[in-house]
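First comes the structure, then the notes that go with it.
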Amino acid sequence: WLYFPFTLSSIAPRQRPWESGAQCGEGQNASTAVMNGGGAHYYSEEESKQDGGGDTDGGEDSNEQEVIVIQDTGFTVKIQAPGTEPFDLQVSPQEMVQEIHQVLMDREDTCHRTCFSLQLDGNVLDNFAELKSIEGLQEGSLLKVVEEPYTVREARIHVRHIRDLLKSLDPSDAYNGVDCNSLSFLSVFTDGDLGDSGKWKKKGSDLEQIDCTPPEHILPGSKERPLVPLQPQNKEWKPMQCLKVLTMSGWNPPPGNRKMHGDLMYLYMVTVEERHISITASTRGFYLNQSTTYTFNPKPANPSFLSHSLVELLSQISPAFKKNFTVLQKTRVQRHPFERIATPFQVYSWTAPQVDHTMDCVRAEDAYTSRLGYEEHIPGQTRDWNEELQTTRELARKNLPERLLRERAIFKVHSDFAAAATRGSMAVIDGNVMAINPGEETRMQMFIWNNIFFSLGFDVRDHYRELGGDAAAHAAPTNDLNGVRAYGAVDVEGLYTLGTVVVDYRGYRVTAQSIIPGILEREQEQSVIYGSIDFGKTVVSHGKYLELLERTSRPLKVQRHNVLNEKDESVELCSSVECKGIIGNDGRHYILDLLRTFPPDLNFLPVEGEELSPESVRQGFPRQHRHRLACLRQELIEAFVEHRYLLFMKMAALQLMQQKANKESKMATLTENSSPEALTWYIHKTPLSSFPDLTNPTLTCLHQDPKSREVVLNACKAVGSISNTSFDIRFNPDIFSPGVRFPEDSVDDIQKQKQLLKDAAAFLVSCQIPSLVKDCLDHSALPMDGATLTEALHQRGINVRYLGNVLEFVDKTPAKAQLEHFYRIGISEMITRCAKHIFKTYLQGVELSALSAAVSHFLNCFLSSFPDAVAHLPADELVSRRKNRKRRNRVPGGGDNTAWASLTPSELWKNIVSEAQSYYNFTLHCENADQVVEKYGLQKITLLREITIKAGIQILIKEYNFDSRHKLAFTEEDILNIFPVVKHVNPKASDAFHFFQSGQAKVQQGYLKEGCELINEALNLFNNVYGAMHVEICACLRLLARLNYIMGDHHEALSNQQKAVLMSERVLGVEHPNTIQEYMHLALYCFANGQLSTALKLLYRARYLMLMVCGEDHPEMALLDSNIGLVLHGVMEYDLSLRFLENALAINSKYHGPRSLKVALSHHLVARVYESKAEFRSALQHEKEGYTIYKNQVGEAHEKTKESSEYLKYLTQQAVALQRTMNEIYKNGSNASIMPLKFTAPSMASVLEQLNIINGIIFIPLSQKDLENLKAEVQRRQQLQESGKSMEELTVDGPLELEDKIPMDVNVD
């Protein structure tokens, strides 16, 4: 995942934050080799012959040709390191020599070397050379590892690397949220018996040994929600101690005379055997010297054990080190690479155990040097972020290899920049950075650190006074970030945006931006040559900017328009007035302040004299919002335009039909006398299918004939297109901006634009909200927690400020009972968001020393049942004798303020209720946490999880007693940390994404093999751009595993799904809803592989997580419980199985309605278990219910109904036979001749079949031989086309897309 695009450009090597072995995921090979099953990173030749090339359309075809170009076959070289046997290494011609270095630093037998060169026939290889450019390097070449003399830099890298190796199993970095480490617990549940070892420990025959009883709290109906199981103890994490202390010595740096003897630095260590030693790092290696803590004697000790590597030296001195280090490295190498590769962005954990604080020289050094990445190892010290961000954008992008290189560079710089900006923002709020305007009051201060500019989210100098003051200043950065994201995605050559990251930390919002070259030396008035710096009073424009912005106007739907400047002259713009254009000293055209890239949301912007459309008015709009910057989301604009396009096509089609039928006078009069509005109404009511198919070519040929031109003109007018000859909708973002004036001649245009904005606002409430609720009703959207709910809203273009309306809409829906889960998650999201708003201002008044006391007090008021939560003011451990009279300038929030301590639970809940009313226009009925639990069915543990994640709080993992009325739930010792909450741009891998989508399309058409190839290709490209860890790779792996499974390759399915689970845990979080789903898929594949106990453990884990995230009452729980019940049925735990299956039946009946086919299937599963228990009466009862549903829903003739009817007959026979036997026993007592009854334990195959059905995987019934033939592609086409119907059901359990497309619902009244 290294960073080498710059070798291609003319940039000096200072921009290669190379050496970060720990930082960048322990080397490309370590990470990429795992992707393609351990071979080369690139496909081998056979695989890269694109089988699917023939039947993809042209666009993809060219892509696939390009792909082959970059997949030169790998070759093998031999590596000879000192003291080890030569070994083979598979490499690819694109790799750099540097990457072989990384692999050697990761391998168990060579990991202790860092300072070496690779030599081929005595010639040293250049680290930055690609392997294909090296003369004489070929299959079978021998590369020698040669130890090189150390420099101070190399010695420090060596010490850092050894420390990383010693800490490699220690999770404390993941708990502390540093260096892109994060947690993963999968291996605790699989005991390492998954993966590529190929030795399955548990086969189906070992049923007897499986202990299936889950812990009490996982059983259906349990009210207990413990927190501790969230982070099960991993045995490996009790690491073996190799050294007690490894730290820099106080004798550093070496004095001049020692420097001239080659001393580079001194280290101080304490071995496990309690031996205190002092070590010299010299140019030749490491040796013991004779210094002690208080006397300096740099002479070598006797023996000095001079060694090139610190590990070799310590192994000679300390037997315990030697033994434990070997074990540690063995364990490290056995861990799945995905457990240790760094993630691209930091993930924080909201719970952590109490970790012992140990001495760590590297950590100490990092904290007090302004290290970012590896600055002190890069010539020129700090990185010029702006230059890096813009140069990567300028890389060539003509063909696929160039685009991959460019996207990888952009992604890498972005993730580095996000990390740097986060670190800087924390430093600013913690008071570690000097302001550039130190004389001003704290909230107005600005900072520069590490070439990044930081400003606080307050309304400085009344800049936003007319827009809502501080509330507007708080909203502006996120709007601006959305603008940066949008312009970045359009990616116009020559137009540049600033690197932007928004960080919320300790109650403050910090905006971090890269710095335009030269901007700090000039006054802003001189430098802005496009746009306005005073919200439209003075406006300037510039030809070059208009030309560049014109190219973004179509994709972003921004209309070119004129505004008046202070001299009443007309000025042309192609963006909002606030968008400023500045040409930097580097000659690049920058745009900044993109907070109004998207048009205003009129539902939240009351304007005098303007009437909204009736749909909005009915819902109580317009409403006054906190600020006047509320704008529509890009997703909404796109959905609206698509909706209008359908309307446009219908209009044109309708008029064409009328022209054809013009002889029929009735139609003719309709056309002549109808206004566009009447037409629109008629069209709204007519489904698209009843119109002739109109594609664009039809419309273009309409232009030739004057009558047809009129057709298009009418259609354009009706839908509000800005052009009269084609469909083109764009918005003017300056409408309704206070202070912006428009020229007289554009009055009509402005009127049209105002109407368009009203229509878009109405579309949100009348189409998008109902469509979201409809999707939740038919379970195509299944939010589980606040984050997934927000995502569902955003995908449909609904802002979270509409949450109150969405909940009201749900409340009025007739099928409200089937939306209970959605309503509950919505209420919980609203409460925690209101609490977060209050918490933000609450924290600003707390000084650092009281932080943990204040946070624990807030959580007590929020969640504890203790009626009068009293704050424990920190007992001042360090009261100074003399009060300090003079108050120096304080860091933000350094007030001497104990006002926070007076907060009471009832006051906090009053504030939450009033916040919900004022922000969301929603009335909550509750005065404390207990009433919320009572009235809305929420769980306190869920509320705790939501508020800690939103506010960035980390708490101690232990059992909290929220319900005690005598004792507070939280003490200050329970608050471990406060983390930043970071928003940034996520650069995309566009080519990979197209491959992924084509692959999905193929799968849905039933072409599994081609789909599989395309998705494998996508995976390759994703890895190329993002490195090994990324959410999109996770989705890719999940789909791939599903395809492997369907095509019968269970082993491969298991391996890919294991990666998907690990990645989801690492990138999204261990209890993210996505992770829960991945666990369920993995359990299915484990079961299919005969690993029953592992499958159960995984399902129990998923159930525990789900109980914690959303509670038991959720439609997805029915699927999970059906899975658990089936597996338990398979291992003959009938009573336990029934508890889960009957719970699933109850939940299915509630959420799918008692007549749904899902409920019929649930009845059948329960009946099967009763049959196994020989309780035929209950079995018959359930099967009859199922049969009735099938008969009513799909008719008597359907195979499902027939199957059910057959099964009923069979059950009746069994019941009769049993009754006979019983009668026989009663009659004849012990002499009865009893017919042996057949009680069959279910076969694994039948259980698996049911598991597949409930998980939405339908197999075409083929014999094993047919499957082989199918895989061998004999009669591939015909068979797959026949099975196309079944294949479409593959994705029953929710779309597998990375981004759901917005469903269009045209016929909403």
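- In terms of heavy-atom proximity, Tyr487 sits nearest to Ser575 at OH-CB, 4.2 Å.
- Nearest heavy-atom pair, Arg633 versus Ile798, reported as atom, atom and distance to 0.1 Å: CD-O, 4.1 Å.
- Ring to ring, His779 and His1152 are close: their centroids are under 6.0 angstrom apart.
- The closest donor-acceptor contact from the side chain of Asn732 to the backbone of Asp734 lies under 3.5 Å.
- Scored by the side-chain hydrogen bond (donor to acceptor under 3.5 Å, both in side chains) test, Asp778 finds Ser780 as partners (sequence neighbours excluded).
- Nearest approach of Lys836 to Ile947, heavy atoms of both residues: N-CD1, 3.8 Å.
- Between Ile729 and the choices Ile722, Ile637, Asp759, Val641, the side chain to side chain contact (heavy atoms under 4.5 Å, CB included) rule is met once, by Val641.
- Thr725 and Arg709 share no side-chain donor-acceptor pair at under 3.5 Å.
- In terms of heavy atoms, Leu467 sits closest to Pro738 at CD2-CG, 4.0 Å.
- When only modelled atom types and interatomic distance are considered, Ser532 and Asp534 share a side-chain donor-acceptor pair under 3.5 Å.
- Ring orientation note: the planes of His625 and His627 are nearly perpendicular, at an angle over 60° on the 30°/60° scale.
- In this structure, the ring of Phe535 has its center less than 6.0 angstrom from the ring center of His463.
- The pair Lys1150-Glu820 meets the salt-bridge criterion, with a side-chain N (NZ, NE, NH1 or NH2) lying under 4.0 Å from an Asp/Glu carboxylate O.
- Ser914 and Asn911 are not linked by any side-chain donor-acceptor pair at a separation below 3.5 angstrom, with hydrogens and angles left out of the test.
- A donor-acceptor contact under 3.5 angstrom links the side chains of Tyr1151 and Asp1113, judged on distance only.
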Residue pair Glu638, Arg796: steps toward the salt bridge (Lys or Arg N to Asp or Glu O under 4.0 Å) verdict: CA-CA 10 Å; Glu638 287 177 357; Arg796 290 159 185 79; over 6 Å; no
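- Using modelled atom types, one finds no donor on one side chain facing an acceptor on the other under 3.5 Å when comparing Gln795 with Glu635.
- Between the Ser541 side chain and the Tyr530 main chain, no donor and acceptor come within less than 3.5 Å of each other.
- Using modelled atom types, one side-chain atom of Ser721 and one backbone atom of Ser723 make a donor-acceptor pair closer than 3.5 Å.
- Arg551 and Val490 get closest at one heavy-atom pair: O-CG1, 4.5 Å.
- We find that Arg741 and Asp568 are joined by a salt bridge, their nearest charged nitrogen and carboxylate oxygen being less than 4.0 Å apart.
- Distance alone, capped at 3.5 Å, places no donor-acceptor pair between the Glu946 side chain and the Glu829 backbone.
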Full working for side-chain contact (heavy atoms from CB on, under 4.5 Å) between Leu772 and Phe822: CA-CA 11 Å; Leu772 167 72; Phe822 180 80; 3.8 Å; yes
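- In this structure, Arg465 does not pair ionically with Asp459, as no charged nitrogen and carboxylate oxygen lie closer than 4.0 Å.
- Between Arg626 and Tyr919, some side-chain heavy-atom pair lies under the 4.5 Å cut-off.
- Heavy atoms only, all atoms of each residue included: Phe731 and Gln753 are closest at CA-OE1, 3.4 Å.
- In this structure, Arg509 contributes its side chain and His474 its backbone to a donor-acceptor pair below 3.5 Å.
- The shortest distance between side-chain heavy atoms of Asn714 and Met651 does not fall below 4.5 Å.
- Judged by a 6.0 Å distance limit and a 45° cone about the ring axis, Lys816 is positioned over the six-membered ring of Tyr823.
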Check against side-chain contact (heavy atoms from CB on, under 4.5 Å), Tyr920 and Val800: CA-CA 9 Å; Tyr920 296 107; Val800 178; 4.2 Å; yes
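- Cation-pi check for Arg801 over Phe604 is met; the charged atom lies under 6.0 angstrom from the ring centroid and within 45 degrees of its normal.
- Look at Arg560 and Glu550 and you find a salt bridge, because one of the NZ, NE, NH1 or NH2 atoms lies within 4.0 Å of a carboxylate O, short of that distance.
- For Phe621 and Tyr802, the gap between ring centers is short of 6.0 Å.
- Note: His821 and His1114 have perpendicular aromatic rings, judged against thresholds of 30 and 60 degrees for the angle between ring planes.
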Derivation of the salt bridge (Lys or Arg N to Asp or Glu O under 4.0 Å) call for Lys983 and Asp504: CA-CA 9 Å; Lys983 299 181 179 69; Asp504 290 304; 3.4 Å; yes
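- If you check the side chains of Asn603 and Ser616, you find a donor sitting under 3.5 Å from an acceptor.
- No donor-acceptor pair closer than 3.5 Å links the side chain of Lys580 to the backbone N or O of Asp593.
- Ser828 and Tyr936 form no side-chain donor-acceptor contact under 3.5 Å, judged by distance and modelled atom types alone.
- Taking CG of Leu819 as the reference point, atom CG of Leu777 lies at 4.0 Å (rounded to 0.5 Å).
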